[in-house]
Each structure stands twice: as C-alpha cells, then as structure tokens.
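Read through the structure below, which is laid out as structure tokens, and then see the notes.
In this chain, residues are counted from 1 in sequence order. Values below: all heavy atoms of this structure, side chains included; hydrogens, waters and symmetry mates excluded.
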Amino acid sequence: MKKLIIFSFLLAFMGCSDLVDFTEVENPNLSEASVVGQLNSSTIWLSGIERQLSLLINEIVINAEIASDNYTNDQTFFNQFLDGLSIIAQDDDIADLQFDLHRLREMAVFGKVEVGPNDENYSTDTEAEYNYFEGLAYMYAGMYFTGLPAEAGGAPLTDAANYAQAITLFDAAIALNPLPEYYAAKARVHYLLGNKAEAVAAATAATDASADFLRAATFDEQEDPDNVMEDALYERGTFDDLQPLPTLDFLDPKYSFNTAQEDDPVYYMKAEEAWLIQIEAAIVDGDFGTARTIMSALLDLVNSRPARSIDDSIEGRTERDIGSRPDSACVVVNGREGLVLDRNEGNVSIPNVSGTSLTQEDIDGMTMTDPALELLYRTRQEIFIAEGMRLVDMGVKFVISETEQLQNDNVSQGTVGTEAQIPSFIADVADQLDAITFDKGTCTATTVINLNEILVFNKDDKAVLPFN
C-alpha cells in the first residue's frame, strides 16, 4: 500500500505543468561565481586546499604504513592486501589516494589561475601557498606512484618527471615567501632523486630558517576529516589490531584522542627530516665528525618534542592468542631493552611529533659507513613512524588505478605507471616484514628480519638509499 501511495503521488506530480527539472537547479552558494571574484576568496580557497591535503594525508598514511614493516594489520577493516605488498590496480584504496592527489593539484591550479587573480586582496604569501600545495601533489605522485598523469586524460609522467615539476613549484613558492617547509619539501625531492648537493643545500636553508619548524595537516573530530591513522591506532580500543613491530612499541600510538573537536595533527614536514638529509650526506662522504655533530643536534631536537600521557590499557598487545605479542617492559627486543611499554601499569608517555631510541653513545660510535647508515635508517623509521615515509625508504611504489586505466586513452597495461615498484630484496621478504618471535616466559622478542640491514646491504640499488 505504501508503495502504491508513493507511486500515485509521483504520477500526480509528473502531471503538473510546472514540473521542475532538477538538473537545471543551481545552488548559488556552490557555483564558480560564488568563489571567483569575491573579496578574500583566495584565503578561503586556501583553507579548502588545506582540508584537501588532510584528506590526502589520510589516504597516504594509513595505506603506506600498512604496506611498510612498521605495523602488522590483523583482523581490521583497513586494507588487507597491502600488508603483504599485494599492490593491484583494482585496489579502491590506491584509487582513492590517487584521486585525492589529483584533487589537491587541481585545486591549487584553480587557486593560482582563477581565484587568486580575481581577488583584490590576493597576497604573495597566498600565491606561494598555492605553488607549494601544487608542488606537494607532484611530490607525492613521485613518492608513491611509478607514474601518474598530471592532467585529466593526460599521459602518465614518470616519478622523475613528477619530481621535476615539484621542484619548479617549490622554487616558485620560495621566491615569493621563503618558508622553511618550502625548502624542506625541495630538499626531500632532491634527496629522493639522489641529488646530494642540491638536497643538502635546500635542507641547510630549511634549518637555517628554523631549526625546529613543523608543518601539520590538521583534522576535525566532529566536522571531518578526522585522523584515520588515529582511529586505527587508538580510538578503535580493544578492536585495535594494527600493531607495531616490538622495536617500535614505545612510539605507539603516535596519535591519540585530543579533544572532541580537534583530532591529532600529522606533521608531514618537520625540521628532523632536513637534519637527517644532512647527516646522511655526511656519512656517505665519510665525514663522520660532521655526521656526529648534526646527529647530536637532531637527538636534542627530538628529545625536546612533546609527548602525551595516555591511558592505553584497553588496547593491550594481543592477537588471536592471549600473550601473543610483547606487552611488558621486561621484554628485550633484538637484544635491546626499553622498547616495549607495560600498558597495564598506568598511563604511558608517547611522543606525538618525533621519538627515537637513539642515544649519544650510539652517535659517538659512528665510525664506519654501513653501520652508521643502518643506525640512521633505524632513526628515520622511528622519527617518521605513522607518517607514510617508511614505504618510500623501502623503495616501494603503487600503480595507476584501474579506473584511470579504463578511462584514460593514454594509459594501457605496460605503459608508465601500470607496474608496481617492489625491489627484489623487499619482495623476497614480503611475508616477513612485520613477523616476530616472542617468548613470554623469557621476556624476549625478535624480529624475523632486520630490514634496515637489508636496505643498507642493497644501498647500490637505485630504489633505496638515494645518495649511494
């Protein structure tokens, strides 16, 4: 009867002479004219770009972290393919990452071409930001994809071509407003290209401008987007089965509940990265005195970053079997103490910007290249945990989504961007990346592999350790 009433109503409505064509309805608050040409529209549009970056960071971080060796993904609703490095074009999460990246770039371009020039209050600082965000889109394209188009229906650019575009845009931003994060972004791209001199120059310019700068993607618990990685690590509580390697336990959860309105930010650009680039260059050059000096300064910086005291007792460290994971401060991991926290003895203190197990004794002992590089990459892993950077250090890259491949005539199987990049030495241990052994009785845990050692051993491969 209910269906008949609704159907009768629709027939009567369609019989009216003034039937509305809903495809012609235009919301004046959503039209282009409601933005372009309006006073202060450039800064309002910039806020929208910031929000889009947060959406993109969400896609990057959760997927890159699951695919890395940082976490094991057990019984969650997050991506189950990537934990074993099964990278396929049909993966919806990879498609979402790609499309959010494209949206960031197009919003920045629209800001530069349409919104900014038509706002009488358009400033050079805002123009610099537009260039910066467009540069970030190209940078992330190079970091996470073997190739990606830069325009609708366009031919995919190689990762190197995307990086080149990013550098041009970061230079444009720096020329308008030389912020340290602009230099840091430029340093990262040169670093990933293996351009040591240029990377060090940009990294030094960043730390000269500010020795402790931070740039964050922000999140809103109520209005969205919220921090998806924080959901995965903390808010899921007893159903939290995204577990870190025991070597990284003391850093988890990097993100936790902040307020009902404001979710934890992700610091996607920070001074630590610029210092790490300078340290790596010094190690590769055999200048251990400089490397030790800068690394000591880095340690001071990391130790000065804030930590949050949280109750994490509900989360525990169990999988299917009780006691399956290290959950006590007595546990020694790979012969090292102090890496595992006892979450049932009260609040735990977790660094929420950067943290490390690095000690001054470690730094003082740096005298040989390979051991120093292994220490450096362990430190990078710790400092960048839950930021999506570890997968880049592993040399792994995603593919163009199937949706793009089906709709873009310039993309077909076998062309640029349609094959994942997984170095052979990573593929060989894909099923062991986050595997551990744990003896609760003896309080000892061991990671099945030492990936930092593997990375350094293969440092001559172009996919990793770019200064070598």
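The CD atom of Glu382 sits 12.5 Å away from the CD atom of Glu272 when rounded to the nearest 0.5 Å. Interatomic distance, CE of Met394 versus CE of Met389, reported as 13.5 Å (0.5 Å rounding).
Heavy-atom minimum distance, Asn344 versus Asp342: N-OD1, 3.0 Å. The heavy-atom pair separating Ile88 from Ile94 by the smallest distance is O-CD1, 3.8 Å. Considering every non-hydrogen atom in both Asn227 and Asp263, the closest pair reads N-OD2, 2.8 Å. Considering every non-hydrogen atom in both Ala67 and Leu85, the closest pair reads O-CD2, 3.4 Å. Taking both residues in full, the closest heavy atoms of Asn334 and Thr446 are given as OD1-CA, 3.2 Å, listed atom of the first, atom of the second, then distance.
Checked against salt bridge (Lys or Arg N to Asp or Glu O under 4.0 Å), Asp83 has no partners two or more places apart in sequence or in another chain. Residues passing the ring pair (Phe, Tyr, Trp, His ring centres under 6.0 Å) test with Phe170: none are found, sequence neighbours excluded. Tyr183 is linked by a ring pair (Phe, Tyr, Trp, His ring centres under 6.0 Å) to nothing, counting only residues two or more places apart in sequence or in another chain. Glu230 is linked by a salt bridge (Lys or Arg N to Asp or Glu O under 4.0 Å) to nothing, counting only residues two or more places apart in sequence or in another chain.
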Test log, rule side chain to side chain contact (heavy atoms under 4.5 Å, CB included), inputs Phe78 and Glu65: CA-CA 11 Å; Phe78 298 109; Glu65 290 298 308; over 6 Å; no
Pair Arg308, Asp264 - check salt bridge (charged side-chain N to carboxylate O under 4.0 Å, His left out), show working. CA-CA 11 Å; Arg308 179 169 294 161; Asp264 254 2; 2.8 Å; yes
Test side chain to side chain contact (heavy atoms under 4.5 Å, CB included) on Tyr182 and Met269; report intermediate values, then the result. CA-CA 9 Å; Tyr182 299 172; Met269 282 289 165; over 6 Å; no
Passes side chain to side chain contact (heavy atoms under 4.5 Å, CB included), Ile400 versus Asn408? Steps please. CA-CA 11 Å; Ile400 295 174; Asn408 188 337; over 6 Å; no
Checking side chain to side chain contact (heavy atoms under 4.5 Å, CB included) for the pair Ile422/Ile87: CA distance, chi angles, key distance, verdict? CA-CA 9 Å; Ile422 306 176; Ile87 299 174; 4.1 Å; yes
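Among pairs with a residue in residues 85-109, those fulfilling salt bridge (Lys or Arg N to Asp or Glu O under 4.0 Å) read Asp100-Arg103, at least two apart in sequence or across chains. For the salt bridge (Lys or Arg N to Asp or Glu O under 4.0 Å) condition, the pairs that include at least one residue of residues 385-398, sequence neighbours left out, are Asp69-Arg390, Asp159-Lys397, Lys254-Glu387, Lys270-Glu387, Arg380-Asp393. Sorted by first and then second residue, the side-chain hydrogen bond (donor to acceptor under 3.5 Å, both in side chains) pairs with a member in residues 189-200 read His190-Asn195, Tyr191-Glu280, Tyr191-Tyr377, Lys196-Asp285; sequence neighbours excluded. Pairs engaging residues 426-468 under the disulfide bond (SG atoms under 2.5 Å apart) rule: Cys330-Cys443 [sequence neighbours left out]. Annotation: salt bridge (Lys or Arg N to Asp or Glu O under 4.0 Å) contacts involving residues 353-363, sequence neighbours excluded, comprise Asp362-Arg378. Within the structure, no pair that satisfies the disulfide bond (SG atoms under 2.5 Å apart) test touches residues 353-405, not counting sequence neighbours.
Judged by distance alone, the side chains of Asn258 and Ser256 never bring a donor and an acceptor atom under 3.5 Å apart. Side-chain atoms of Thr259 and Glu221 include no donor-acceptor pair closer than 3.5 Å. Of the N and O atoms on the side chains of Gln278 and Thr207, at least one donor lies less than 3.5 Å from an acceptor on the other residue. Side-chain contact annotation: Gln243 with Thr72, donor-acceptor N/O pair under 3.5 Å absent.
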Pairs under 3.5 angstrom only: tabulate donor-acceptor contacts from the side chains of residues 453-464 to other protein residues two or more places apart or in another chain.
from   : atom 1 : to     : atom 2 : distance (Å)
Asn458 : ND2    : Ile454 : O      : 2.8
Lys459 : NZ     : Asp370 : OD1    : 2.6
Asp461 : OD1    : Ala463 : N      : 2.9

Which donor-acceptor pairs under 3.5 Å do side chains of residues 137-149 form with protein atoms, sequence neighbours excluded?
from   : atom 1 : to     : atom 2 : distance (Å)
Tyr144 : OH     : Gly388 : O      : 2.5
Thr146 : OG1    : Glu419 : O      : 2.9

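Heavy atoms of other residues, nucleotides or ligands lying less than 6.0 angstrom from CD of Gln360 number more than 12. When the shell of 6.0 Å around CZ of Phe81 is examined, it contains 12 or fewer heavy atoms from other residues, nucleotides or ligands.
Under the salt bridge (charged side-chain N to carboxylate O under 4.0 Å, His left out) rule, Asp249 has a single partner from Arg325, Arg336, Arg343, which is Arg343.
Under the 4.5 Å side-chain criterion, counting only non-hydrogen atoms from C-beta, Arg215 is in contact with Tyr132.
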